[in-house]
Number of protein chains: 2
Amino acid sequence: MLNSADTPLRAALRHVALFANLSDAELDLVAARVREKRIERGAFFFHQGEPAENFHILKSGQVRIFQTTPEGTQVLMHFIQSGQMFGAIAAFGVKEYPASAQGDEPSSAWVWNANTMRELVAEIPALALNALEHTAQIIQQLQERVRELQTERVERRVARALLRLARQSGKRIAEGVLIDHPLSRQDLAEMTGTNLYSVSRILSAWEKQGLVSSGRERIILCVPHKLVILAEDLVPPPNK
Amino acid sequence: MLNSADTPLRAALRHVALFANLSDAELDLVAARVREKRIERGAFFFHQGEPAENFHILKSGQVRIFQTTPEGTQVLMHFIQSGQMFGAIAAFGVKEYPASAQGDEPSSAWVWNANTMRELVAEIPALALNALEHTAQIIQQLQERVRELQTERVERRVARALLRLARQSGKRIAEGVLIDHPLSRQDLAEMTGTNLYSVSRILSAWEKQGLVSSGRERIILCVPHKLVILAEDLVPPPNK
DNA sequence: CGCGCTCTTGAGAGCGTTCAACTTGCGTGG
DNA sequence: CCACGCAAGTTGAACGCTCTCAAGAGCGCG
């Protein structure tokens with residue numbers, strides 16, 4: 001189904017969402033300026049506060065994007081999966097990375113210099129449109145998160161976070177849907193604006209009800225359908 | 001200081017940040033497809049959930065962007081000032097407006113059809129770069145807000161919100177810096193994820209300390225400097 | 001000059017955090 | 001191979017920030 005004359009690199013980039021609808025010539029422009037960077041598990045592609053020099057797309061592995069507050073508490077913004085861009089906000093305007101990007105596993109990424117990426121965007125209309133589309137989606141997700149933080153209780157926020165993770169990296173297994181990467185109580189807390197104790201209590205309660213099955217850095221949603229009800233239930237007063 | 005051959009419309013658009021660095025010919029392209037829309041105070045440019053057909057830039061007046069949850073509570077996302085774009089997220093990808101845009105005053109906006117704006121972005125590289133830069137800034141602001149909601153107490157969030165408003169639409173007067181548009185306790189609550197009672201208590205306390213002077217939908221920051229300390233203070237335990 | 005919307009303030013309750021102590025799981029080195 | 005140790009997770013108890021509800025005061029517009 002591929003152009004048989006594709007170079008391996010061009011073929012790989014062709015499947016990245018950001019480069020959808022680019023012509024072969026345009027893909028070559030993009031490919032000509034890319035370089036690759038690998039990091040070990042736990043290492044960083046960049047740190048919060050560093051000058052934002054690069055634009056990244058994850059090639060393999062998994063990366064977490066988080067901010068650290070002056071007080072030292074962390075806020076987990078995103079998990080980046082293969083094919084997704086990161087460090088993009090910084091490349092398009094801001095001068096410093098507003099967050100850090102750390103490998104959850106050994107990871108590799110395609111990297112472009114920020115100025116180079118801006119030139120490419122200016123040269124390739126389809127790339128500009130794709131980039132705008134993706135940033136628009138990020139904005140929508142962030143607005144959703146603000147809305148949740150402002151209006152919803154902790155239990156519901158945790159339910160939503162798990163459902164989102166299941167959609168992103170869920171894996172069907174016998175017992176239900178496994179969140180297919182290490183995920184601690186602390187991680188979930190940093191995603192939902194609470195602490196590991198509250199997350200632990202909530203998961204324990206759900207486990208008693210058979211909704212989930214969880215272990216060390218491992219969570220299985222057994223009855224996702226009931227979590228959806230928890231996350232979105234509008235029935236006003238539970239009449240117990 | 002302007003090109004004397006400018007049409008009035010071209011001259012006006014030239015000063016919009018989104019159209020910075022566009023040539024006269026490009027500005028004319030943009031101007032050729034614009035139309036204008038006026039609304040009364042309290043009326044809407046668009047409602048949450050409607051198909052996202054238009055891209056807007058505020059010409060005059062003031063607009064609030066907010067989301068309404070299924071439960072009916074509102075979350076105030078932004079105040080839009082003259083020259084700022086809105087309804088942009090929707091135009092670049094999403095199919096429905098994720099929020100509503102309501103006039104806080106009688107307001108008028110330049111409006112482009114969403115498809116038209118996408119065509120313009122594809123035709124005008126400088127416009128694409130500007131748009132990406134602005135969406136990147138919005139993302140950064142939203143990340144900041146998520147971080148605040150997850151890690152900070154109500155009082156600090158309110159302090160930050162006021163300082164932000166002062167920066168955006170503050171007006172120097174004798175007593176201090178006036179937030180130059182009607183702003184109720186309820187509005188502040190919907191911006192910071194609390195309720196009008198807590199906001200009222202906080203403002204009362206600050207008023208006793210002389211930090212602010214507030215009245216009906218009107219707030220003056222008397223000692224902004226001390227609010228900054230409140231918003232960012234790292235000194236761990238205030239020893240009273 | 002009165003009606004309505006905004007704001008204030010008290011009292012009480014509860015959700016969630018904090019702290020502390022303990023358990024469990026897993027890798028590693030003796 | 002077992003023992004040790006650290007990291008992740010659990011759970012109880014207590015506190016307190018914030019919300020909720022209720023009642024009343026104040027400001028402005030018509």
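Naming: A, B, ... by sequence-line order, numbering from 1 per chain. Given the structure is predicted, the values throughout are model-derived calculations rather than measurements.
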Members of residues 175-194 of chain A that approach DNA chain D, where some heavy atom sits under 4.0 Å away: S184(A), R185(A)
Salt bridge flag under 4.0 Å for residues R153(B) and E71(A): no
Which whole-number value in Å describes the distance from E207(B) CD to dT9(C) P? 9 Å
Rounding to an integer number of Å, can you tell me how far E155(B) CD sits from dG16(D) P? 17 Å
Out of curiosity, M77(B) CE to I139(A) CD1, how far, rounded to the nearest 0.5 Å? 11.5 Å
Nucleotides 20-30 of chain D: protein proximity per nucleotide (B base, S sugar-phosphate only, - neither; heavy atom, under 4.0 Å): BBB---BB---
Do the ring centers of F45(B) and F86(B) come within less than 6.0 Å of each other? yes
Closer than 4.0 Å, any side-chain N/O of S204(A) to the OP1 or OP2 of dT11(D)? yes
Between CG on residue L58(B) and OG on residue S108(B), distance to nearest 0.5 Å: 6.5 Å
Quick check: closest heavy atoms across F66(A) and L76(A), and the distance to 0.1 Å? CB-CA, 4.0 Å
Any pair counted as salt bridge (Lys or Arg N to Asp or Glu O under 4.0 Å), so long as it reaches residues 201-219 of chain B, sequence neighbours left out: none
In whole angstrom, what separates E152(A)'s CD from dC19(D)'s C1'? 17 Å
Please state how far atom CG in L149(A) lies from atom P in dT18(D), giving the value in whole angstrom units. 15 Å
Which pairs with one or both residues in residues 137-150 of chain A pass salt bridge (Lys or Arg N to Asp or Glu O under 4.0 Å), sequence neighbours excluded? E148(A)-R160(A), E148(A)-R164(A)
Round to a whole Å and report the spacing from CD1 of I202(B) to P of dC17(D). 12 Å
Tell me which pairs pass side chain to side chain donor-acceptor pair (under 3.5 Å) where either residue lies in residues 91-106 of chain B, with sequence neighbours left out. R64(B)-D104(B)
Between E217(A) (CD) and dA7(D) (C1'), how many Å, whole number? 9 Å
To the nearest Å, give me how far apart CZ (R156(B)) and P (dC17(D)) are. 14 Å
Roughly how many Å is it from NZ in K208(B) to P in dC7(C), rounded to a whole number? 17 Å
Qualifying salt bridge (Lys or Arg N to Asp or Glu O under 4.0 Å) pairs, either residue in residues 165-175 of chain B, two or more places apart: none
